[in-house]
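Data first, discussion second: the structure below is written as structure tokens.
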Amino acid sequence: MYKLIIDKNKLDIRKTLNSGQVFRYHMLNDEQIFILMTGNHFVIVKSLDQGYLFECSEEVFKSIWSPYLDLNRDYDKVNRRIIRKDKRLKEAIKLHQGIRILKQDPFEMLITFIVSQSKAIPQIKKLVDGLSEEFGEQIGTYDHVKIYSFPRPKDLAHLKEADFREMKFGYRASYLEAGVDMFLNTSEDLSELSDEALKTKLISVKGVGDKVASCVMLFGYGRHKSFPIDVWMRRIVMALYYPEESIKISDKKLEKFGKEMYGQDAGIAQQYLFEYGRIKIKN
DNA sequence: ATCCAGGCCCGAT
DNA sequence: ATCGGGCATGGA
């Protein structure tokens with residue numbers, strides 16, 4: 001087993017996991033040990049002084065974790081482009097050096113983000129962990145923590161709305177059924193679709209709107225031109241770019257603004273804007 | 001106890 | 001096109 005060390009300037013796992021883009025992970029030992037999970041893979045990562053120690057082979061790191069963590073992208077270059085668009089983000093970018101946009105499994109993204117609507121992170125994690133435990137497979141153990149794969153669409157195919165309700169998913173139950181159905185009934189490879197066609201496809205699922213679809217595109221398909229607008233982004237974009245207006249600009253317009261302003265870097269800019277808002281906007 | 005979440009649907013304008 | 005009520009659950 002190779003032991004790989006990744007520089008902390010390049011990657012900040014704690015911040016990345018805490019940035020609200022992912023629910024499939026565990027943090028142990030006071031946020032010094034991380035278990036990353038995607039599909040039926042997992043890896044133990046330990047935070048050391050000299051960097052992050054990945055406990056996996058070089059081959060697995062290259063094929064699974066490097067793409068997952070978006071490590072082949074030059075974030076310094078992206079950051080410079082973003083700062084060129086708005087210098088006010090320089091501070092947020094500096095503070096959040098090492099945050100990455102994850103490339104997660106698309107099915108996991110869809111399901112976990114359907115669950116996420118109108119819920120708090122601990123609740124979401126609990127429900128997602130429960131699904132994995134019940135319908136995934138145990139793929140490892142670390143320090144008494146059992147590690148489960150996320151179920152594939154076929155593993156959830158038999159579940160109906162009533163079943164999801166029983167598992168406390170609330171009104172999202174029918175949305176989950178619809179999401180599973182879409183994956184089961186789609187033979188085409190969605191990653192081949194254009195941004196526009198992919199979004200149309202995702203929104204065709206009952207319970208998936210602009211926000212969830214944009215997040216799935218960004219965090220599941222690596223479509224970095226996506227610019228999801230949630231209540232926080234609304235507040236932040238309004239405060240930064242429309243300080244004079246009252247609340248009459250639609251989410252659609254705000255999304256369009258972000259995409260035009262930041263172009264190919266919209267998704268990453270969105271992440272920094274979110275952090276900027278957390279610093280600057282009291283609410 | 002009430003209120004309300006990092007949305008979305010649906011029916012009414 | 002846009003607005004607002006309703007939706008489940010659980011934590012503040």
Side-chain angles (χ1 to χ4, degrees), chain A residues 14-25 92 96 99-102 104 108-131 134 159-182 198-220 223 226-240 242 245-258 266-283:
Chain A
R14 196 178 56 78
K15 279 187 180 142
T16 300
L17 296 180
N18 282 329
S19 68
Q21 52 173 314
V22 58
F23 303 105
R24 298 227 64 222
Y25 62 88
H96 297 278
I99 201 165
R100 319 286 300 191
I101 298 289
L102 299 177
Q104 301 174 58
E108 290 182 30
M109 265 305 298
L110 183 70
I111 297 302
T112 60
F113 271 65
I114 286 174
V115 174
S116 79
Q117 59 191 70
S118 202
K119 276 203 166 296
I121 289 173
Q123 281 181 66
I124 302 163
K125 266 191 112 266
K126 196 172 159 186
L127 288 167
V128 168
D129 286 344
L131 259 192
E134 193 161 357
L159 297 172
K160 299 296 171 205
E161 175 178 355
D163 301 310
F164 286 115
R165 276 189 190 267
E166 206 163 320
M167 293 183 268
K168 304 295 178 192
F169 286 98
Y171 65 84
R172 304 157 195 79
S174 65
Y175 304 164
L176 291 169
E177 189 182 339
V180 173
D181 280 348
M182 188 275 273
L198 178 56
K199 187 149 192 182
T200 302
K201 183 76 184 176
L202 292 168
I203 285 185
S204 74
V205 176
K206 187 189 158 208
V208 175
D210 259 305
K211 192 268 180 181
V212 168
S214 296
C215 285
V216 173
M217 291 179 67
L218 179 56
F219 305 127
R223 305 297 174 96
S226 305
F227 195 79
I229 301 291
D230 60 27
V231 292
W232 286 102
M233 281 308 293
R234 154 166 287 283
R235 287 174 196 156
I236 293 159
V237 174
M238 289 297 292
L240 276 182
Y242 299 93
E245 322 275 335
S246 47
I247 37 166
K248 57 174 187 266
I249 301 179
S250 68
D251 286 354
K252 274 242 186 309
K253 289 241 174 77
L254 295 179
E255 182 182 357
K256 186 163 180 278
F257 168 80
I268 298 178
Q270 173 266 165
Q271 205 60 239
Y272 293 134
L273 283 164
F274 181 76
E275 305 297 348
Y276 180 89
R278 283 216 279 217
I279 301 164
K280 294 287 178 188
I281 300 176
K282 326 271 184 227
N283 225 335

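Below, read A as the first sequence line, B as the second, and so on, with proteins coming before strands; counting in each chain starts at 1.
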What nucleic acid atoms does [X] come within less than 4.0 Å of, heavy atoms only: base, sugar-phosphate, or nothing?
{"X": "G20(A)", "result": "base"}
{"X": "S116(A)", "result": "nothing"}
{"X": "S19(A)", "result": "base"}

What's the [atom1]-[atom2] distance between [X] and [N], to the nearest Å?
{"X": "F164(A)", "N": "dT9(C)", "atom1": "CZ", "atom2": "P", "value": "15 Å"}
{"X": "K252(A)", "N": "dC3(C)", "atom1": "NZ", "atom2": "P", "value": "14 Å"}
{"X": "F169(A)", "N": "dG10(C)", "atom1": "CZ", "atom2": "P", "value": "12 Å"}
{"X": "I121(A)", "N": "dG11(C)", "atom1": "CD1", "atom2": "P", "value": "15 Å"}
{"X": "R172(A)", "N": "dG10(C)", "atom1": "CZ", "atom2": "P", "value": "10 Å"}
{"X": "K119(A)", "N": "dT9(C)", "atom1": "NZ", "atom2": "C1'", "value": "4 Å"}
{"X": "K168(A)", "N": "dC7(C)", "atom1": "NZ", "atom2": "P", "value": "17 Å"}
{"X": "D210(A)", "N": "dT2(C)", "atom1": "CG", "atom2": "P", "value": "13 Å"}

Say you pick atom [atom1] in [N] and the same atom in [M]; how far apart are they, in whole Å?
{"N": "dG4(C)", "M": "dC4(B)", "atom1": "P", "value": "15 Å"}
{"N": "dG5(C)", "M": "dC3(B)", "atom1": "C1'", "value": "16 Å"}
{"N": "dA8(C)", "M": "dG11(B)", "atom1": "P", "value": "15 Å"}

Contacts of K199(A) that satisfy side chain to side chain contact (heavy atoms under 4.5 Å, CB included) - sequence neighbours left out = I203(A), D210(A), A213(A), S214(A), M217(A), E255(A)
ask   = Reading DNA chain B 5' to 3', which nucleotide is the first, and which the last, to come under 4.0 Å of any heavy atom in chain A?
value = dA5(B) to dC9(B)
Name each donor-acceptor pair under 3.5 Å that joins a side chain in residues 119-130 of chain A to protein atoms two or more places apart or in another chain, with its distance.
| residue | atom | partner | partner atom | Å |
| --- | --- | --- | --- | --- |
| K119(A) | NZ | Q123(A) | OE1 | 2.7 |
| K125(A) | NZ | Y25(A) | O | 2.9 |

